[in-house]
Number of protein chains: 2
Amino acid sequence: MKYPNGQRRKNVSFPKTQSFSNRGMSLEEDINSTNQYYLDTDKAIIHKKPTPVQIVKVNYPKRSAAVITEAYFKQASTTDYNGLYRNKYIDFEAKETRNKTSFPLANIHEHQINHMESIVNHGGICFLIIRFTQLDETYFLPATYLFKYWYEKEKDGRKSIPYEKIKQHGYHLPFHYQARVDYLAIIDKFYF
Amino acid sequence: MKYPNGQRRKNVSFPKTQSFSNRGMSLEEDINSTNQYYLDTDKAIIHKKPTPVQIVKVNYPKRSAAVITEAYFKQASTTDYNGLYRNKYIDFEAKETRNKTSFPLANIHEHQINHMESIVNHGGICFLIIRFTQLDETYFLPATYLFKYWYEKEKDGRKSIPYEKIKQHGYHLPFHYQARVDYLAIIDKFYF
């Protein structure tokens with residue numbers, strides 16, 4: 001649902017001899033796979049929250065599972081991912097953009113910014129994972145840097161964060177086979 | 001969905017002169033209201049995770065919101081609530097029982113126990129909120145105490161935690177108007 005590009009292949013398994021790239025995999029799939037690897041190796045407990053849905057009608061057929069027959073997508077009031085790593089509360093949002101020169105702030109909602117600010121104020125580790133799909137590059141951007149651009153936008157500043165600034169103030173997340181988006185490596189390096 | 005008792009009243013607003021009791025309110029509603037109070041007063045950021053749903057069919061009518069027309073409830077692999085308080089990761093599950101003498105362990109799934117153990121091992125604060133609806137009493141039970149009974153059950157022990165033990169090893173959560181299930185008061189007292 002979140003990635004309207006119907007051409008993106010899902011659950012592709014690469015032959016083991018092929019060189020690995022994240023092409024064809026959505027950022028969400030890569031992060032879910034990374035979180036599963038962190039769970040399996042008992043490194044961190046980080047999950048994607050379920051998609052918020054407003055359930056209107058449910059049928060309870062005899063001898064089979066309840067079927068939801070009418071429901072609507074709700075806007076998330078927080079971020080998509082949270083969890084626990086090295087005694088710390090972790091909270092982040094992941095976004096893909098097809099833009100090659102900047103990350104449009106329209107990808108983020110104001111209530112998400114409010115949420116992320118609260119997280120930072122209460123001692124959590126909060127960030128954004130941004131993938132430039134056309135460049136096949138993924139970055140870890142600390143939330144505080146996102147706030148700076150958000151406030152500038154509020155004061156009639158620019159409505160996006162330039163790619164060059166993300167490169168400069170964020171951290172590149174190289175593709176690894178086991179932890180495809182190894183954001184904990186960045187946390188280890190810069191938050192402890 | 002979670003509270004099959006159709007007679008339970010929802011969103012009841014009491015006249016301000018009436019004495020307050022939590023009768024008629026589900027534990028989930030009381031906790032959601034408590035979490036909202038914590039958010040509003042900037043005390044903690046704790047949310048209920050959305051109900052996990054497997055979406056099968058979605059209609060996209062012209063000029064109106066997407067409608068989910070076929071979906072199924074999925075079993076949660078973690079707990080219902082998590083968040084951040086005083087730099088600490090908070091994680092808990094809330095359960096009501098109509099049983100008056102014990103809390104049946106059938107209310108908890110094994111993967112939830114595994115999740116809760118990981119949380120404790122990685123430095124999170126993890127617990128259960130149990131309401132005995134017939135007694136109108138609510139308790140905070142540390143996860144470690146739940147584990148003890150779970151392991152005994154695994155070794156052919158009893159399949160429930162006696163009410164008296166919960167009273168003895170848990171902490172009673174009295175009903176307050178603003179924070180109806182004020183579990184942070186217990187955390188302040190016993191975890192810091």
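In what follows, chains are A, B, ... by sequence order, proteins preceding strands, each numbered from 1.
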**Student:** Listed by residue number, which members of residues 121-129 of chain B have a heavy atom under 4.5 Å from any heavy atom of chain A?
**Tutor:** B:H122, B:G123, B:G124

**Student:** The criterion is ring pair (Phe, Tyr, Trp, His ring centres under 6.0 Å); which residues satisfy it with A:Y37, sequence neighbours excluded?
**Tutor:** none

**Student:** Is A:K95 salt-bridged to A:E93, going by a charged N under 4.0 Å from an acidic O?
**Tutor:**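 Result for this pair is yes, salt bridge flagged.
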
**Student:** Can you tell me which portion of A:I90 sits under 4.5 Å from chain B's heavy atoms? Options are side chain, backbone, both or neither.
**Tutor:**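 For A:I90, there is no contact with chain B at all, as no heavy atom is under 4.5 Å.
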
**Student:** Mind telling me whether A:F92 and A:Y81 have parallel, tilted or perpendicular rings, with 30° and 60° as the class edges?
**Tutor:** parallel

**Student:** Do A:S160 and A:R158 get their side chains close enough for a donor-acceptor pair, meaning under 3.5 Å?
**Tutor:** yes

**Student:** Mind ranking A:V53, A:V56, A:N82 by heavy-atom pairs under 4.5 Å with chain B and telling me who comes out on top?
**Tutor:** A:N82

**Student:** Of all of A:E70, A:K49, A:H47, which one pairs up most often with chain B through heavy atoms under 4.5 Å apart?
**Tutor:** A:H47

**Student:** Given a strict heavy-atom distance threshold of 4.5 Å, which part of A:T69 is in contact with chain B: side chain, backbone, both, or neither?
**Tutor:** both

**Student:** Which residues satisfy the side-chain hydrogen bond (donor to acceptor under 3.5 Å, both in side chains) test with B:S118, sequence neighbours excluded?
**Tutor:**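 B:S118 satisfies side-chain hydrogen bond (donor to acceptor under 3.5 Å, both in side chains) with no other residue.
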
**Student:** Non-hydrogen atoms of chain B under 4.5 Å away: do they reach the side chain of A:D91, the backbone, both or neither?
**Tutor:** neither

**Student:** So which part of B:D42 gets closer than 4.5 Å to some heavy atom of chain A, the side chain, the backbone, both or neither?
**Tutor:** both

**Student:** Is the B:Y171-B:F190 ring centre distance short of 6.0 angstrom?
**Tutor:**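 Judged by ring-centre distance (under 6.0 Å), B:Y171 and B:F190 do meet the cut-off.
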
**Student:** How far apart are the closest heavy atoms of A:A44 and A:Y85, and which atoms are they?
**Tutor:** CB-CD1, 3.6 Å

**Student:** Establish, for the pair A:R86 and A:F192, whether the NZ or CZ atom is under 6.0 angstrom from the six-membered ring centre and no further than 45 degrees off its axis.
**Tutor:** yes

**Student:** Cut-off 3.5 Å, no hydrogens considered: what does the side-chain donor-acceptor table look like for residues 140-149 of chain B, sequence neighbours left out?
**Tutor:**
from   : atom 1 : to     : atom 2 : distance (Å)
B:Y145 : OH     : B:H169 : NE2    : 3.3
B:K148 : NZ     : B:E152 : OE2    : 3.4

**Student:** Is chain B contacted by the side chain of A:I45, its backbone, both, or neither, given a heavy-atom distance below 4.5 Å?
**Tutor:**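 Answer is side chain: those atoms of A:I45 sit under 4.5 Å from chain B.
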
